[in-house]
Amino acid sequence: MIETLVRVVEAFISALMVAGLYATMSYGLALIYGVMKIINLANAGIMMLAAFTTLVLWQTTGLDPLVLVVVVAPLFFVVGAVLEVVVVRRVSAAAPIVSLLLLFGTWLVMQAFANLIFGGDVRGVRPAYIDSVVHVGDVTLAYNRIFVFVAGAVILVLLELFLRGTFLGRAIRALAQDREACALVGVDTKRVSMVAFGLGSALAGAAGCLLTLVFPFDPTNPFGVLQLKSFTIIVLGGLESIIGVAFASFLLALAENLTVTLSRPQLENLVSFVVLVVVLVVMPGGLAALLRRRRLA
Amino acid sequence: MTERLRRMDWAHDRGAQIVVVLLVAVVLAAIPTNERQYANLIRITFLVLWYAIMAGAWNIIGGYAGQVSFGHAAFLGTGAYVTGTLWQTFHIDPLLTLPIAGLAAALYSVIVGAPTLRLRGPYFAIATIGVGEATRLFVSNIDDITGQVITHGVTGISLPNYDPAKVHYATVAVFVVVMITTILIREGRFGLGLFAINMDRDAAETSGVPTARLQVLAFAISAFFTACAGSLYAARQQFLDPTTMFGFDKSIQVVLMPVVGGLGTVWGPVFGALLFGGVQDQISSLTRNPYLPQLIYGLLLVLVVLFEPLGVAGLLGRASSAGRAFVRPRRETTV
């Protein structure tokens, strides 16, 4: 009994640790959807490219991914902004299916590109502390997960400060509410869209950088699965608030961890897929309301 | 868009199109199946037709109704597994199980589609990714969960040998049925309803189109034929495993072919299948690197979406009516 209880507490804490990473990768998706009403299917591709960039930088400079995130995130801000200007902007007025297929194609290209350059081997970044753990009572915590959680939390707090405190940040939030009204009061909607897509990509880049510490990866895995998890999270948490995204990240991570602890490890991913479909179906009111706003916009 | 799609298609007449399909089928059926020098031709023909069946089936829901499904591997795998199980366990001739496999997948698609097709915008597409992957994981682990041998998990099912000639004729037959179905749907009231949903679901609903029913029906027909392709695969390949049959890469291929070939056109999926089956076969045997084709198809997808939304079919339409191409609006201007 006490055994099970300890394992459940462990599941809670380890869910909290993963939630920082989940929230970082999902909030980029939510940000881009909020401003542009586009589902960024290339999010996984950006995470993957960021992970490989981190790997290469770690191998050449020896710097820890926790430091490299300061380089990688701005780099993928630029990548995202360029992607928006060159490709996404052309379809921003078309039907959702067009941007979906376009970004899906972009994802395929990124994946094939990484496979051709880096090969399909499983990689990972392993700094000195990777196997160290800390004991709190009966609960065991890995250092790398604690660091990733803290980094994710710091990034989200900084983002929130930016979105609330700066003119550009407020313009992004305003655009998410009403694009036409923004244009009327003189907001440069094109430029703000570019910044929003760049920011979303920077968040995906930061998540890709951080996840090298936690997950082994190759050009395909675990990015496709993570992509789906971020869909689940933004669908579950709503697209408006950072709190909702953070809470949904924790809920999903907890559901997964409890599945692993109390049932079977193979079913971990099944949970998020089932949650995704069920939430989409059971809460169509919330989603329909969101998309009705798109029609008016 | 309907107007444009109809105008762009290089064959307008229902009867003429069916005649073309039958002629193609007669030529394909005339390939000698028992002579060794034609074995490779038979193999490639199977590949292309198999792709064309799936692409044409996907096009009914994805191209006509505009609901992109990223989870069609679920139906492909369902078809293959139903046939494989019936064949192995109950010794039923695999080709006779085609309708059963199709109906099983159609039933599954109704269960999945009835709630998810109500979703708007990109949410149906995202839900189908979830459905596809959940199905794969479920099939991989069901033996483990129930403690009984049902799907043999990730190890897969080995099947006995089956006469490739029979599979060849069956594949040609299914191809003909799929093509005629897509032609009839597209030129009929059903298709008109689907295109109306594609353009504006609310307006369609208001003008009396039963949008929910039409979408679910289109999804079910699509799933039915995709499952038939799965059955044919089971009859030909003698081995099934969840990673191949339910894999996300299969779902991707099924999307790529109609989009690159020409979304919502009758012959687009066939062009896509030719590109995919024929060209990929050649590229793979030359480079042995599976990611080069993926790079090419990904780029093609991006270019098609940006510059020629009707894909190969659109290009052909442009070539045959060069004058009209100038007055054709170049890009969708949706409000």
Side-chain angles (χ1 to χ4, degrees), chain A residues 33 37-39 41 87 90-91 93-116 119-120 219-220 224-225 227-228 231-232 235 263-264 266-282 284 287-288 290-292 294-295, chain B residues 1 62 66-68 70 112 114-116 118-138 140-141 144-145 154 198-199 202 248-249 252 255-256 259 263 289-306 309 331-335:
Chain A
Y33 185 83
K37 309 294 175 241
I38 280 176
I39 294 281
L41 274 178
V87 181
R90 293 160 165 274
V91 298
I97 173 181
V98 176
S99 59
L100 207 61
L101 288 171
L102 181 73
L103 287 160
F104 181 63
T106 313
W107 178 22
L108 289 184
V109 170
M110 287 172 169
Q111 208 180 64
F113 176 77
N115 265 307
L116 290 173
T220 317
V225 172
Q227 170 111 311
L228 266 178
F231 291 146
T232 312
V235 164
S263 180
R264 289 182 175 76
Q266 310 92 289
L267 299 184
E268 182 193 338
N269 292 331
L270 190 61
V271 171
S272 57
F273 303 139
V274 172
V275 170
L276 172 69
V277 177
V278 169
V279 169
L280 275 172
V281 170
V282 176
L287 296 171
L290 275 170
L291 282 150
R292 208 169 300 131
R294 174 196 148 69
R295 301 186 148 269
Chain B
M1 193 164 176
Q67 292 277 19
V68 177
F70 285 122
V112 167
T116 53
R118 289 181 311 172
L119 302 171
R120 287 177 178 267
Y123 285 101
F124 172 73
I126 287 167
T128 55
I129 306 182
V131 168
E133 287 295 276
T135 311
R136 178 176 64 79
L137 287 167
F138 184 72
S140 308
N141 293 307
D144 198 28
I145 299 167
V154 283
N198 191 347
M199 282 185 292
D202 291 329
F248 187 51
D249 56 325
I252 294 175
V255 178
L256 281 177
V259 176
L263 197 62
N289 190 332
Y291 297 105
L292 202 61
Q294 190 190 342
L295 186 71
I296 295 170
Y297 288 112
L299 281 174
L300 266 180
L301 178 59
V302 171
L303 292 177
V304 161
V305 170
L306 284 180
R331 204 173 297 145
E332 288 300 309
T333 43
T334 324
V335 179

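Each chain gets a letter, A, B and so on, in the order the sequences are listed, and its residues count up from 1.
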Heavy-atom cut-off 4.5 Å, strictly under: side chain, backbone, both or neither for [X] against chain A?
X         : value
Val112(B) : neither
Phe70(B)  : side chain
Val259(B) : side chain
Leu300(B) : neither

Taking side chain as everything from C-beta outward and backbone as N, CA, C, O, which of these in [X] sits under 4.5 Å from a heavy atom of chain B? Side chain, backbone, both or neither.
X         : result
Leu41(A)  : side chain
Val98(A)  : both
Leu276(A) : side chain

Heavy-atom closest pair, residues Phe104(A) and Leu301(B) =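 Looking at all heavy atoms of both residues, the closest pair is CD2-CD2, 3.8 Å.
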Work out which heavy atom in Leu295(B) is nearest to a heavy atom in Phe113(A); give both atom names and the distance.
->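 Closest pair (atom of Leu295(B), atom of Phe113(A), distance): CD1-N, 4.1 Å.
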Any side-chain heavy atom of Leu101(A) within less than 4.5 Å of one from Val255(B)?
->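 Yes - at least one pair of side-chain heavy atoms lies under 4.5 Å apart.
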Flag the pair Asn141(B) / Leu270(A) as yes when at least one side-chain heavy-atom distance between them is below 4.5 Å, and no otherwise.
->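 They are not in contact (no side-chain heavy atoms under 4.5 Å apart), so the answer is no.
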Which residue out of Ile129(B), Ile126(B), Val68(B), Val302(B) racks up the most heavy-atom pairs below 4.5 Å with chain A?
->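 Greatest number of close heavy-atom pairs with chain A: Ile126(B).
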Pick whichever of Gly130(B), Ser140(B), Ala125(B) has the most heavy-atom pairs under 4.5 Å with chain A.
->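 Looking at each option in turn, the highest pair count goes to Gly130(B).
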Parallel, tilted or perpendicular: which describes the rings of Trp107(A) and Phe248(B), with under 30° parallel and over 60° perpendicular?
->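 Trp107(A) and Phe248(B): tilted rings.
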Which residue out of Val277(A), Val91(A), Ile38(A), Leu102(A) racks up the most heavy-atom pairs below 4.5 Å with chain B?
->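 The option with the most such pairs is Leu102(A).
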Positive for side-chain contact (heavy atoms from CB on, under 4.5 Å) with Gln294(B), one of Val109(A), Leu108(A), Leu116(A) =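 Running side-chain contact (heavy atoms from CB on, under 4.5 Å) over Val109(A), Leu108(A), Leu116(A) with Gln294(B) returns exactly one hit, Leu108(A).
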Evaluate side chain to side chain contact (heavy atoms under 4.5 Å, CB included) for Val235(A) paired with Tyr123(B), printing each intermediate quantity in order.
-> CA-CA 9 Å; Val235(A) 164; Tyr123(B) 285 101; 3.8 Å; yes
Nearest-0.5 Å distance, CG of residue Leu100(A) to CZ of residue Phe124(B) |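 Here the rounded value is 11.5 Å.
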